Amino acid sequence: MLRSIERALIDGLAGAVTEAGHDRTVDPSALELEDFDDDEKGEFSSAISFAIAADEGSNPMSVASSIADAHEAAGLPEGIGAVTVENGHINYHLDVETMARRTLSAIGDEAASYGAREHAAPETIIADVSSPNIAKPLHVGHLRNTILSDALMNVLEALGHDVARDNHLGDWGVQFGNLLHEYVEFGDEDAFEEDPIAHLLDLYQQFEQRDSMLEDVEAFEALTGSFEEAVAAERDHHTAAGKEWFARLEDGDEAAVERWERFREASIERFEAVYEELGVDFDLWIGESFYAREGWNDRIVDRALEEGVAMRAADGSAFIPIYPDEYEDAGDPERVDVDPSLARAREALDAAGNVEDADFDPFYIVKSDGSTVYGTRDLATIAYRIEEFDADRSVYVVASEQDHYFSQLFVAARKMGFTDLRLQHVNYGMISLPEGSMSTRGGQIVTVREVLDAARDRARDIVEEKGRGVDDDEVAVIARKIALATVKYGMVASNRGKDITFDIDEAVSLDGDTGPYVQYATTRAYSILDDAESVPEADAIDPGAFNDTDHRLIYHLGRYPLVLNLCEERYDAAPLARYLLDLAHVFNSFYHKNRVLDAESAAGERLALTAATAQVFENGLGLLGVDTLAEM
RNA sequence: GGGCGCUUAGCUCAGCCUGGACAGAGUGUCUGGCUUCGGACCAGAUUGUCGCGGGUUCAAAUCCUGCAGCGCCCA
């Protein structure tokens, strides 16, 4: 409703500007949506009078008045009750009765699909989400990724896109050769059965620590050179063995593949338990290994070399050269501008003598030992998504550490001739934990398991202390849902690009801007509705019966669809999370100021409004993956 | 050495992309509110060189630019 009024206002404003004798084009940015709280500003306002006055050398106040008069004479759009001029601004005021009637009937009619719509330009979207490496536990980074991408994809689906979530597992690469080697040499069957991921992580770290051991040794100059050499030789032996195991894996060697599959299956089994607890689901679990084992990587390499997009280096590696001026807009097929030929790279290489010093960035697709890398598999994934899925957009929900990598990948893809697909890196900032909030066990990673357990324990204490109408056997279930709300809000309430400090104490304290605050408001709405004998339909109420406090709530309910649009624009779920916090504030204030049940007037109207609010909470929290609670 | 990003109240963060009317929340601190639909709440008070300098503009937290600090990536 606000959206259609906004469009009508822009058209009307453009007409009024001309009618009042001013020469100025009016675009949508000329109109601003204001908060409902301010009587002076109205709900929509325009400052276009200042720009016109500056051009004409006239007074903004009189320009504004002339436009407002012209607009009023031509007729204001339906739903706008008045136009005023204040401080040179043109302010439009909603007709509150129309707003109430239209907003409440829209929510009543559309119910669970209020806010959702058919998209004018729907896309088929495939997104890399979560994407953990197998043989390692899920950590807080995966937590943010998984929760953000789940919410974002839910929103995109609600807005009419066709979305496939692909858990793009990191299940291929030389590190699994290393792991196979460690396992064969030092692995323990029983320990693996007991807790496969923990055991594999130990082996993995053991492999990696050989490097740091070497550094330690180098630090002690007192030690003899021969000891240093011995350590280096030991390290080299294991590195070579790891590479050999990965080569065996790539060749399909039975002993290698069989073990690797065990690692993969055990990891996935553990991951699935966590995902289920988080309440998230995926459409695809393709993983990097698929592209290696099904020949997609080889085809990418062949194609890149045959078409002269990639070049061989002296050491046998192959790369696609990328020039600094090509990065801009590579994600957008309509604006991308790259030169796939190698002429420029050859010149640069001649001038510089070697790849490192040349004036381009090499995007490697084959290493000197012939094995493939990340980039090869990501190019293969793009080819697959175009050929097998006919996707319009390939989305990568990956931490912003990878910004540079993805801008290179996108340029490389364009050079490969993959021009039909929109490529988008949805990056997000790092998560850190405040000092002392949780044990990080000597600098090791903080796992999703640890965060969830801590959140659940805190939530349980609070439910036991403050819960009302909660039976003892329900405490655990409710505590779990509250814990999830705290964690999800902690991950998604900040704009995705920003690093966040996740303070579990603050998140679970349930005071102020937290997930449980929104849950609490919803529970209060349910509680009122429960006590009502019946809730009137939206078209059976008198829209003139509401007061200012009611209007404020209605206005916020009407904003909901605009908020989803904003989420799509930014590819972020944070606007939705914050909107629901706002709505909870407004609703809490509403029922404190206004009696609902047995009110002297407008009882039925406020019940209908309460029902509509509960509906919007359900819809919005549902997209964020947060459960509502009848009791808490 | 090169590139990207961040810097707004004591703390955690919106607002910036698309410039506009006194810069907003939460938290903290202080005050008030339960015989009334659930006090995990509400009402009020308090808190700012919008990192620093320069520029563009009728108008800059917002756009451009230089610098500083922090983070990340590449080498």
Side-chain angles (χ1 to χ4, degrees), chain A residues 27-32 34-35 37-38 40-41 45-60 63-64 85-91 324 327 355-357 359 361-363 399-408 427 429-430 432 434 459 462-463 465-470 482 490 493-495 497-503 505-521 523-532 569-570 574-575 577-579 581-582 584-585 587-599 603 606-607 610 629 631-632:
Chain A
D27 61 42
S29 68
L31 202 67
E32 202 172 342
E34 302 286 352
D35 288 340
D37 306 333
D38 198 323
E40 255 182 26
K41 289 186 184 176
S45 94
S46 177
I48 198 165
S49 26
F50 291 91
I52 293 172
D55 284 352
E56 294 178 353
S58 55
N59 180 334
V63 171
V85 171
E86 199 80 43
N87 297 331
H89 291 71
I90 304 162
N91 298 330
Y327 285 116
V355 174
E356 283 69 37
D357 296 330
D359 187 20
D361 296 326
F363 184 81
S400 45
E401 294 157 28
Q402 306 283 336
D403 284 356
H404 186 63
Y405 169 75
F406 277 100
S407 51
Q408 291 194 338
N427 63 359
M430 286 193 330
S432 56
I462 290 173
V463 174
E465 183 194 333
K466 298 188 173 177
R468 282 179 54 171
V470 178
I482 292 174
S494 294
N495 288 347
K498 289 208 152 187
D499 290 352
I500 54 179
T501 305
F502 180 59
D503 186 334
D505 287 317
E506 203 168 291
V508 187
S509 76
L510 318 187
D511 288 327
D513 280 353
T514 64
Y517 177 81
V518 184
Q519 285 178 314
Y520 178 76
T523 301
R524 293 294 304 268
Y526 286 155
S527 185
I528 293 171
L529 295 170
D530 265 359
D531 290 346
E569 238 173 69
R570 299 191 182 182
R578 279 197 301 271
Y579 164 79
L581 287 168
D582 274 350
H585 280 292
F587 177 68
N588 282 341
S589 179
F590 154 83
Y591 70 67
H592 268 273
K593 284 188 187 154
N594 292 326
R595 208 44 216 175
V596 177
L597 300 170
D598 60 50
R606 293 209 178 106
L607 261 178
T610 303
L629 294 160
E631 314 282 354
M632 65 185 281

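None of the values given here were measured: they were computed from a predicted structure.
When both distances must be under 3.5 Å, the Watson-Crick or G-U wobble mate of B/U18 does not exist. The nucleotide B/C37 finds no pairing partner, because no Watson-Crick or G-U wobble arrangement with both distances shorter than 3.5 Å includes it. With both pairing distances under 3.5 Å, B/G69 is matched to B/C6 as a Watson-Crick or G-U wobble pair. Nucleotide B/U12 forms a Watson-Crick or G-U wobble pair with B/A25, both donor-acceptor distances falling under 3.5 Å. The partner of B/G48, taking Watson-Crick or G-U wobble pairs whose two distances both stay under 3.5 Å, does not exist in any strand shown. Here B/A43 sits opposite B/U31 as a Watson-Crick or G-U wobble pair (both hydrogen-bonding atom distances under 3.5 Å).
The A/D499 side chain lies nearest to B/G71 when the options are B/C13, B/G71, B/G20. With B/G20, B/C13, B/C41 as the choices, the nucleotide that has an atom nearest any side-chain atom of A/A51 turns out to be B/G20. In this structure, of B/A14, B/A21, B/C58, it is B/A14 that holds the atom nearest to the side chain of A/N495. Here the side chain of A/R570 is nearest to one of B/G15, B/A21, B/G20, namely B/G15. With B/C13, B/C58, B/G38 as the choices, the nucleotide that has an atom nearest any side-chain atom of A/T523 turns out to be B/G38. The side chain of A/Y520 lies closest to B/C41 when the candidates are B/C41, B/A14, B/C58. For A/M632, taking side-chain heavy atoms from C-beta onward, the closest of the listed nucleotides B/C4, B/G38, B/C16 is B/G38.
Separation of atoms OH (A/Y517) and NE2 (A/H585) is listed at 4.0 Å; rounding is to 0.5 Å. A distance of 9.5 Å separates CG of A/N59 from CZ of A/F50, quoted to the nearest 0.5 Å. The OG1 atom of A/T610 sits 8.0 Å away from atom CG of A/L597, with the distance rounded to the nearest 0.5 Å. A/D35 contributes atom CG, which lies 7.5 Å from atom NZ of A/K41 (distance to the nearest 0.5 angstrom).
Taking atom C1' on both nucleotides, B/C16 is separated from B/G5 by 15 Å, rounded to a whole Å. Taking atom C1' in both B/U46 and B/C63, the straight-line distance is 34 Å, to the nearest Å. The gap from the P atom of B/G71 to that of B/A25 amounts to 32 Å, rounded to the nearest Å. Comparing B/U47 with B/C30, their P atoms are spaced 16 Å from each other, to the whole Å. Taking atom P in both B/U57 and B/G10, the straight-line distance is 35 Å, to the nearest Å. The same atom, C1', is picked in B/G53 and in B/C41; the two are 47 Å apart, to the nearest Å. Comparing B/C52 with B/A43, their C1' atoms are spaced 40 Å from each other, to the whole Å. Taking the C1' atom of each, B/G51 and B/U62 are spaced 16 Å apart, rounded to whole Å.
What separates CD1 of A/I52 from C1' of B/U57 is a distance of 17 Å, to the nearest Å. In this structure, A/N427 atom CG and B/C4 atom P are separated by 15 Å, rounded to whole Å. Whole-Å rounding puts the A/H89 NE2 to B/C58 P distance at 17 Å. For the pair A/D403 CG and B/G71 C1', the computed distance is 12 Å after rounding to whole Å. Between the C1' atom of B/G5 and the CZ atom of A/F406 lies a distance of 17 Å, rounded to the nearest Å. A straight line from CD1 of A/I500 to C1' of B/U12 spans 11 Å, rounded to a whole angstrom. Look at CG on A/L31: it is 13 Å from C1' on B/U18, rounded to the nearest Å. Between A/D513 atom CG and B/G28 atom P the separation is 12 Å, expressed in whole Å.
Side chain of A/N87 to backbone of A/H89: no donor-acceptor contact under 3.5 angstrom is found. A donor-acceptor pair under 3.5 Å is absent between the side-chain atoms of A/D403 and the main chain of A/N427, judged by distance alone.
Taking 3.5 Å as the limit, the base of B/A21 and the side chain of A/N91 contain a donor-acceptor pair of atoms between them. In terms of polar N and O atoms assigned as donor or acceptor, the side chain of A/S589 never comes within less than 3.5 Å of the base of B/A43 in a complementary pairing.
Here A/Q402 lies out of heavy-atom contact (under 4.0 Å) with every strand. Note on A/E40: nothing from the nucleic acid sits closer than 4.0 angstrom, heavy atoms only. Within 4.0 Å (heavy atoms only), A/E86 reaches at least one base atom of the nucleic acid. Among the protein residues, A/R468 comes within range of the nucleic acid bases, having at least one heavy atom under 4.0 Å from a base atom. When heavy atoms are screened at a 4.0 angstrom cut-off, A/E56 is found touching no nucleic acid atom at all. Base contact: A/S45 has a heavy atom under 4.0 Å from a base atom.
Within the structure, a side-chain polar atom (N or O) of A/K498 is placed less than 4.0 Å from OP1 or OP2 of B/U7. Taking 4.0 angstrom as the limit, A/N588 places none of its side-chain polar atoms (N or O) nearer than this to OP1 or OP2 of B/C41.
By the 5.5 Å and 30° criteria, A/H404 is not stacked with the base of B/G3.
Along RNA chain B, the nucleotide nearest to A/V463 and the one nearest to A/S494 differ in position, and the one closer to the 5' end is contacted by A/S494.
Side-chain atoms of A/N588 and A/Y591 include a donor-acceptor pair closer than 3.5 Å.
Looking only at side-chain heavy atoms (C-beta outward), A/H404 and A/D361 come within less than 4.5 Å of each other. With a 4.5 Å cut-off on side-chain heavy atoms, A/V463 and A/V470 count as touching. The shortest side-chain heavy-atom distance between A/N495 and A/R578 falls under the 4.5 Å cut-off.
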* Structure fact -> Readout for nucleotides 32-37 of chain B: B = base within 4.0 Å of protein heavy atom, S = sugar-phosphate only, - = neither; 5' to 3' it is -B--SB

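Aromatic ring centroids of A/F590 and A/F587 lie under 6.0 Å apart.
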